[in-house]
Q: 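After the structure tokens below, expect a handful of questions from me.
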Amino acid sequence: MSEEVLMEEHKDDGMPEYTSGHPNGLMTLFFSEMWERFCYYGMRTLLTLFLVKSLMKGDAQASLIYGAYTGLVYAAPILGGKMADRFLGYRFAVMLGAILMAIGEFIILGGTEHLLFVGMGALIIGNGYFKANISTIVGKLYKDNDPRRDSGFTIFYIGINIGALLATTVVAYVGETYGFKYGFGLAGLGMLAGLVIFYTGRHNYAASTGLEVTAEGRKKVLGPLNMIHLITIGSILLIPLCYLLIVNNHVLNYIFLGLFIYVAYSLISAGVKEDIVEKTKIWRDRMIALVLFMVINIVFWACFEQAGTSLTLFADRNVNREIFGWLMPASMTQFFNPFFIIVFGSIFSAMWVKLSKIGKNPNIPMKFAFGILQLGLGFLLTYVGYKMSDNNLVPLLILVFLYMLHTTGELFLSPIGLSMVTKLSPKKMAGTAMGAWFLSFAIANLLGGQIAALTGGGHGGDEEVDKSKFTLATTVEEALELNDESAKFEDWQAFYEVPESLGMKAKDKKDVEVPKNISYQKYFDIQDWINLRDKLKEGVTLKQWAETRVTKDTLKESTAWLNAEAWNTLKVKYASYIEADFKAKENAGISLGDWGYFNGGIEKLASDESLTLSQGLEEQKNIVQKSRLEKYVDIFTKIGFVLLIISLLIAILSKPLKKLMHGVE
């Protein structure tokens, strides 16, 4: 996980030497951080699949939302750290962050698009306060020259990877097996556990400095309100701003680009001024080197972060995830990264020590080059998988080795991240340089979503019908408000709830139950699917079905949609098919979820008049699955070759880059 890089502000390239007996606060902070990462990665692990499968977003749109969210998550600590230093104190900042993150997870349980974005906003702001400051508290447990300091941070960051590992196994399994809401709820409970541990164990880290609210924070500035009150209120008011930025994610391109140009200019200008003051020719060059490493860092993480988007969708659709009869959930494949971090982390630390002793430890530019090389090789493995594919499914081992190469590539970069930044920048510019480095992660995540969007396909989308009236994204509740009639949302019936008498297990219910506050898009998809099932039962040809299918909705008024009689007729038909399939232990044709993914372009097969609808459906499945596999592999191999070229360029330019660093290793 990319958070691994954060530990390197406090450790050297080699395995730290330490004495036993760490401060009691270390374990309190260890478990607090572990559960916070469980919360963040748990939500992130499920996010793309939730957007695509539950909210019916297209792959491209889901990837852009994911990229905007994770980009803002990495930008938020820049502000969160400054607020804690000047006003909040580290303890209050961490607790405020934990509360906001837990609230965010529970808001998402509402299951609607609007509540998702509100919850994501709370998670972004909360993460900014929590992530920026808990590591600082760990550092303040030790004196500057304490030999236990490095090993303390090593232990602390094990918590990050354990939290990530638990999230990508437990939350992923629960979310995909029993329902996304249970996964998000579990992640929220994890955050509450972290908050309780942090608060009840506060006496253990009480010796750390900077914990208390500052005098400036307690100062009254607006009547009875002090800065703490205003910052807390302001933090809540930032949630709608995050909502707007996620929805209008294209705006972030301009914001982040502008920030990058400004930060790069500021760093280099500050380096020039520092050279004038110190009468040297070092700092300008070092700042140029830092900006170049920021660009390289963006390239690496933008491609690495495909794990949560395109690689998860690839695993869901085109990877054979069956292990001895058990089908691994697609989101659970993300666990390979934290697993390999734990496996290889100490091995790499020992390797750097050994290489340093024999004078073979690669310099910083070459480590970046090797890291990007392995990342590229990982993506190229998908082409090998394509050649080995059976029935358009790639062997799971290909994904395992892909993540292994991505993780070893990460371990080439992460041991030099923040440590390199602190060494390259003058002490009085350390905060600005650190903020710039965090900005590179934010940009990388935003760009990663845009790269994932290139693989876009499948179902979903929010095609507009008539903006002045309502769209396919309009929900039942919103449409009833537009109607301005006597019908009230509270009186509206749920579309379908599985009756207890059916004996269906919870993990099966999540795939078929339909709440009352569905969007018109969902209603239209159900209508289309039921028409398909009706025609399959009649045994018609594909051409006959295609001639009667309504593919483009022409509804202009929400009043024409929410007709109680039509709603009830459709729900009765839906219930009959779902319950009949359950009793028969099979889908007579195709499930609603699969139909949403496979239906695009099926009419093209209707020219063959001999094809029955059932035969055409099977042929369409093969065509779509093959085309999606080819598209994924095409994009991934292109990414791989581009990364190999970039790796070669960095290796060629390693000596000039090293020269710009003026001795920083």
Q: Are F340 and F344 close enough that their ring centers fall under 6.0 Å?
A: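 Under 6.0 Å, so yes.
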Q: Give, for atom NZ of K131 and atom CZ of F438, the distance between the pair rounded to the nearest 0.5 Å.
A: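 CZ of F438 is found 8.0 Å from NZ of K131.
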Q: For a side chain to side chain contact (heavy atoms under 4.5 Å, CB included) check, start with the C-alpha distance between L245 and F117, then their side-chain angles and the critical distance, and finish with the verdict.
A: CA-CA 10 Å; L245 290 173; F117 293 156; over 6 Å; no
Q: Nearest 0.5 Å please: distance from the CD atom of Q521 over to the CD1 atom of I526.
A: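 Rounded to the nearest 0.5 Å, the CD-CD1 separation comes to 10.5 Å.
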Q: So, the side chain of Q334 versus the backbone of T312: is there a donor-acceptor pair under 3.5 Å, distance only?
A: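 Pair absent, no side-chain N/O of Q334 close to backbone of T312.
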Q: Going by atom types only, do Q450 and H250 share a side-chain donor-acceptor pair under 3.5 Å?
A: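 The answer is no; no qualifying pair exists.
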Q: Tell me if the aromatic rings of F636 and F379 count as close, with their centers under 6.0 Å from one another.
A: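 Aromatic pair counts; centres sit under 6.0 Å.
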Q: Closest approach of L165 and T169, non-hydrogen atoms and distance?
A: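 That would be O-OG1, 2.7 Å.
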Q: Do the numbers put R628 on top of the ring of Y632, so that NZ or CZ is under 6.0 Å from the six-membered ring centre and no more than 45° off the axis?
A: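 Yes.
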Q: Report the C-alpha distance between N297 and L413 in whole Å, list the side-chain angles of each, state the deciding distance to 0.1 Å, and finish with yes or no for side chain to side chain contact (heavy atoms under 4.5 Å, CB included).
A: CA-CA 8 Å; N297 199 52; L413 269 74; 4.1 Å; yes
Q: Side chains of L267 and T432: does their closest heavy-atom pair fall under 4.5 Å?
A: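 L267 vs T432: side chains touch.
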Q: Going by heavy atoms in the side chains, are L592 and D511 under 4.5 Å from each other?
A: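 Side-chain contact under 4.5 Å: no.
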Q: Between F130 and Y40, does the ring centroid distance fall short of 6.0 Å?
A: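 Ring-ring flag for F130/Y40: false, centres at least 6.0 Å apart.
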Q: Taking the side chain from K510 and the backbone from G175, do they hold a donor-acceptor pair closer than 3.5 Å?
A: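 Answer holds: no.
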Q: Main chain of Y403, side chain of T407: is a donor-acceptor contact present, judged purely on distance under 3.5 Å?
A: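 Indeed, once roles are kept as given, a pair shorter than 3.5 Å links the two residues.
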Q: Relative to each other, are the rings of F368 and F293 parallel, tilted or perpendicular (30° and 60° limits)?
A: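 The arrangement is tilted - the two ring planes meet at 30° to 60°.
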Q: Should I296 and I372 count as side-chain neighbours, where that means a heavy-atom distance under 4.5 Å?
A: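 They are in contact (side-chain heavy atoms under 4.5 Å apart), so the answer is yes.
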Q: State whether the side chain of R321 and the backbone N or O of L396 hold a donor-acceptor pair below 3.5 Å, judged by distance alone.
A: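 Flag not set: sc R321 to bb L396 has no pair under 3.5 Å.
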Q: What's the separation between atom CE in M404 and atom OG1 in T408, rounded to the nearest 0.5 Å?
A: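 Reported value, rounded in 0.5 Å steps: 6.0 Å.
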Q: List the steps and the verdict of salt bridge (charged side-chain N to carboxylate O under 4.0 Å, His left out) for K181 and E105.
A: CA-CA 9 Å; K181 65 180 180 181; E105 290 284 7; over 6 Å; no
Q: Closest heavy-atom contact between A187 and C39?
A: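 Scanning both residues completely, I find the closest heavy atoms to be O-CB, 3.4 Å.
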Q: Are D594 and R317 ion-paired here, with the side-chain N under 4.0 Å from a carboxylate O?
A: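 Judged by the 4.0 Å cut-off on N to carboxylate O distance, D594 and R317 do not form a salt bridge.
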Q: Could you report the tightest heavy-atom contact between A75 and F256, atom names first, then the distance?
A: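 Between these two residues, the closest heavy atoms are CB-CZ, 4.3 Å.
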Q: Do the non-hydrogen side-chain atoms of M83 and L79 ever get within less than 4.5 Å of each other?
A: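 When only atoms from C-beta onward are counted, L79 and M83 do touch, with a gap below 4.5 Å.
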Q: Output, in order, the C-alpha distance, side-chain angles, deciding distance and verdict of salt bridge (charged side-chain N to carboxylate O under 4.0 Å, His left out) for K57 and E113.
A: CA-CA 10 Å; K57 297 293 182 184; E113 180 177 333; 2.9 Å; yes
Q: Going by heavy atoms in the side chains, are L96 and L100 under 4.5 Å from each other?
A: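 Yes - at least one pair of side-chain heavy atoms lies under 4.5 Å apart.
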Q: Can you tell me how the ring of F50 sits relative to the ring of F180, calling it parallel under 30°, perpendicular over 60° and tilted otherwise?
A: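 Rings of F50 and F180: perpendicular, as their planes differ by over 60°.
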Q: Working to the nearest 0.5 Å, report the span between CD of Q61 and CG of L55.
A: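 If I round to the nearest 0.5 Å, the distance is 9.5 Å.
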Q: Does the side chain of F106 come within less than 4.5 Å of L192's, by heavy atoms?
A: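 Yes, side chains in contact.
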Q: Test your reading of the model: is there a side-chain donor-acceptor pair from D85 to the backbone of K82, 3.5 Å cut-off?
A: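 No; zero donor-acceptor contacts below 3.5 Å.
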Q: Would you call the rings of F304 and H406 parallel, tilted or perpendicular if under 30° counts as parallel and over 60° as perpendicular?
A: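 If you compare the ring of F304 with that of H406, the planes turn out tilted.
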Q: First locate atom CE of M120, then atom OG1 of T70, and finally report the distance between them rounded to the nearest 0.5 Å.
A: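 Interatomic distance, M120 CE to T70 OG1, rounded to 0.5 Å: 8.5 Å.
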Q: Would you say L49 and L313 make side-chain contact, with heavy atoms under 4.5 Å?
A: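 Yes - at least one pair of side-chain heavy atoms lies under 4.5 Å apart.
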Q: Mind listing the closest non-hydrogen atom pair of T382 and L402 along with its distance?
A: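 Answer, listing the atom of T382 first, then L402: CG2-CD1, 3.7 Å.
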Q: Apply the test side chain to side chain donor-acceptor pair (under 3.5 Å) to residues S235 and Y129: give CA-CA distance (whole Å), side-chain angles for both, the deciding distance (0.1 Å), then the verdict.
A: CA-CA 10 Å; S235 298; Y129 286 119; 2.6 Å; yes
Q: Could you tell me whether the side chain of T112 reaches within less than 4.5 Å of the side chain of L115, counting heavy atoms only?
A: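 A side-chain contact under 4.5 Å exists here.
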Q: List the steps and the verdict of side chain to side chain donor-acceptor pair (under 3.5 Å) for S310 and Q306.
A: CA-CA 5 Å; S310 59; Q306 297 306 299; 2.7 Å; yes
Q: I'd like to know if the side chain of N248 reaches the main chain of L244, judged simply by a donor and an acceptor atom lying under 3.5 Å from each other, with no hydrogens or angles considered.
A: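 Answer holds: yes.
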Q: Could you pull out the closest heavy-atom pair between A167 and R37, with the gap in Å?
A: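 Looking at all heavy atoms of both residues, the closest pair is CB-O, 4.3 Å.
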Q: Run V171 and F184 through side chain to side chain contact (heavy atoms under 4.5 Å, CB included) and show every step you take.
A: CA-CA 8 Å; V171 176; F184 292 137; over 6 Å; no
Q: Would you call the rings of F441 and Y74 parallel, tilted or perpendicular if under 30° counts as parallel and over 60° as perpendicular?
A: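 Ring orientation of F441 relative to Y74: parallel.
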Q: Would the distance check show the side chain of N127 and the main-chain N or O of L123 forming a donor-acceptor pair, the cut-off being under 3.5 Å?
A: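 Answer holds: no.
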Q: Taking it one step at a time, do F300 and I646 satisfy side chain to side chain contact (heavy atoms under 4.5 Å, CB included)?
A: CA-CA 10 Å; F300 180 89; I646 292 172; over 6 Å; no
Q: Side-chain donor-acceptor pair under 3.5 Å between N445 and Y66, yes or no?
A: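 No, no side-chain donor-acceptor pair sits under 3.5 Å.
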Q: Which heavy atom of V52 sits nearest to which heavy atom of G58, and what is that distance?
A: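 Looks like CG2-O, 4.5 Å.
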Q: Using 0.5 Å steps for rounding, measure from the OG1 atom of T48 to the NZ atom of K53.
A: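 The OG1 atom of T48 sits 11.5 Å away from the NZ atom of K53.
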Q: Between N517 and E478, do the side chains contain an N or O donor and an N or O acceptor separated by less than 3.5 Å?
A: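 E478 and N517 do not have a side-chain donor-acceptor pair below 3.5 Å.
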